[in-house]
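Accompanying notes for the structure given below.
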Amino acid sequence: MNGAELVLVRLAGAVALGGDERLERAIAEVLAAKVDPLMVDEAILMAIVAVGFPRTLVGMRAWRKVSGERPVLSEAKDPVSGATDDQRPMTSDPSTDYTRHAEWTADGERTCRIVYGSNYERLRQTVRDLHPALDAWMITEGYGHTLSRPGLSLRQRELLMVAMCAVLDVPHQLHSHLKGALHAGATSAEVEAALEAVIGELSQREQEQARQLLKRVII
């Protein structure tokens, strides 16, 4: 995991937890590391699947205020790799075009299958049993509309999910995304580094629990 990715991981944790000082410190790190603003935008936008609109809006507001950066539009060659054709000042975003609903669903099914591997069908059934709407939203809005966007690779997004799930104390989801990061191409060392980057925000109990989950995944 390179320096830009590491500070984005810490930013993801800060967005998930909230707090003005925490966010300002994380954004200062991002600016010092000269991270591509498009990557920062995407790191904050994707937080919506973990923490919802309130924390995501607060995080984006802090980023805009401190950095002065405005949104840029990225057209993707490959949503999984994050490679892009072009970047230009944003006047609209493809994600506002809801005629692409079927495309987002297909993207979401593909992305979710990568993250969950052999557990994909069981996940879908489990979530459908909780509520069919949750399954539909998870695939189309979560894994498709949000996590399949260009600007970050799936590997990078899963490392950010590790950070957010860790600080939110949701061990079941943390376990899934520790494995998901590996499925998306992260190394064991990168997954461990993502967890350690935010471990100081956890209680002693949460730290022990997170490290035990990591051991179960990488051994």
- Query: Does Glu42 pair with Arg149 as a salt bridge, N-O distance under 4.0 Å?
  - Reply: yes
- Message: Using a strict threshold of under 4.0 Å (side-chain N to carboxylate O), is an ion pair present between Arg113 and Glu121?
- Response: yes
- Query: Does the side chain of Tyr120 reach to within under 4.5 Å of the side chain of Val115, using non-hydrogen atoms?
  - Reply: no
- Step through the shown structure and confirm whether more than 12 heavy atoms of other residues, nucleotides or ligands are within 6.0 Å of CG on Asp20. no
- Message: Can you give me the closest heavy-atom contact between Gly142 and Val49, atom names plus distance?
- Response: CA-CG1, 3.9 Å
- Task: Without swapping roles, check the side chain of His177 against the backbone of Cys165 for a donor-acceptor pair under 3.5 Å.
- Result: no
- Item | Ile114 CD1 to Glu109 CD distance, which is reported to the nearest 0.5 Å | 12.5 Å
- Task: Look at the side-chain heavy atoms of Ile, Leu, Val, Met, Phe, Trp and Tyr, link any pair under 4.5 Å apart, and say whether Met46 and Met138 land in one connected group.
- Result: yes
- NZ/NE/NH1/NH2 to OD/OE distance under 4.0 Å, Arg110 and Asp107: yes
- Between the side chains of Arg128 and Gln125, does any donor sit under 3.5 Å from an acceptor? yes
- Message: Measuring from atom CZ of Arg55 to atom CG of Leu168, what distance do you get when rounded to the nearest 0.5 angstrom?
- Response: 8.0 Å
- Message: A side-chain contact here means heavy atoms from C-beta on lying under 4.5 Å apart; do Asp135 and His131 qualify?
- Response: no
- Item | Inter-residue atom distance Leu23.CG - Met60.CE, 0.5 Å rounding | 11.5 Å
- Message: Quick check: do Leu8 and Gln156 have side-chain heavy atoms less than 4.5 Å from each other?
- Response: no
- Message: Within the structure provided, determine whether Glu190 and Arg155 are in side-chain contact (heavy-atom separation under 4.5 Å).
- Response: yes
- Task: Give the C-alpha distance, both sets of side-chain angles, the deciding distance and a yes or no for side-chain contact (heavy atoms from CB on, under 4.5 Å) between Val191 and Lys179.
- Result: CA-CA 9 Å; Val191 175; Lys179 293 171 67 175; over 6 Å; no
- Message: Quick one: does any side-chain atom of Arg22 pair with a main-chain N or O of Ala14 as donor and acceptor, under 3.5 Å?
- Response: no
- Item | Arg216: salt bridge (charged side-chain N to carboxylate O under 4.0 Å, His left out) partners, not counting sequence neighbours | none
- Query: What closest approach, in Å, do Leu182 and Ser188 show between heavy atoms, and which atom pair accounts for it?
  - Reply: CD2-N, 3.8 Å
- Query: When rounded to the nearest 0.5 angstrom, what distance separates CG in Leu178 from CG in Leu195?
  - Reply: 6.5 Å
- Query: Are any of the side-chain heavy atoms of Leu160 and Leu152 separated by less than 4.5 Å?
  - Reply: yes
- Going from CG on Leu11 to CD1 on Ile44, what distance comes out if it is rounded to the nearest 0.5 angstrom? 5.0 Å
- Heavy atoms only: give me the nearest Arg10-Ala26 pair and the separation to one decimal. O-CB, 4.3 Å
- Task: Give a yes or no on whether the backbone of Ala193 and the side-chain of Glu196 come within a donor-acceptor separation of less than 3.5 Å.
- Result: no
- Indicate yes or no for a side-chain donor-acceptor contact from Asn2 to the backbone of Glu5 under 3.5 Å, with no hydrogens or angles considered. yes
- same_hphob_cluster(Phe53, Leu147) at 4.5 Å side-chain heavy-atom cutoff: yes
- Item | Heavy-atom pair of closest approach, residues Ala50 and Met164 | CB-SD, 4.0 Å
- Side-chain contact, heavy-atom cut-off 4.5 Å: Tyr116 with Tyr143? yes
- Query: Please walk me through it: do Trp63 and Val30 pass side-chain contact (heavy atoms from CB on, under 4.5 Å)?
  - Reply: CA-CA 10 Å; Trp63 165 238; Val30 164; 4.1 Å; yes
- Scanning both residues in full, the closest heavy-atom pair of Ala166 with Val198 reads CB-CG2, 4.1 Å
- Note on the structure: For Val167 and Gly13, the nearest pair of non-hydrogen atoms, with its separation, is CG2-O, 3.9 Å
- Task: Taking the side chain as every heavy atom from C-beta outward, state whether Arg124 and Ile139 have any atom pair closer than 4.5 Å.
- Result: yes
- For the atom pair NE2 (His145) and OG (Ser148), what is the distance rounded to the nearest 0.5 Å? 10.5 Å
- Should the ring pair Trp104 and Tyr98 be called parallel, tilted or perpendicular, given that the plane angle runs from 0 to 90° and is split at 30 and 60? perpendicular
- Message: Determine whether Gln212 and Glu208 satisfy the following criterion, side-chain contact (heavy atoms from CB on, under 4.5 Å), listing intermediate values before the conclusion.
- Response: CA-CA 6 Å; Gln212 284 301 314; Glu208 292 172 2; 5.6 Å; no
- NZ/NE/NH1/NH2 to OD/OE distance under 4.0 Å, Glu192 and Arg211: no
- Should Val162 and Glu158 count as side-chain neighbours, where that means a heavy-atom distance under 4.5 Å? no
- Are Asp169 and Arg205 ion-paired here, with the side-chain N under 4.0 Å from a carboxylate O? yes
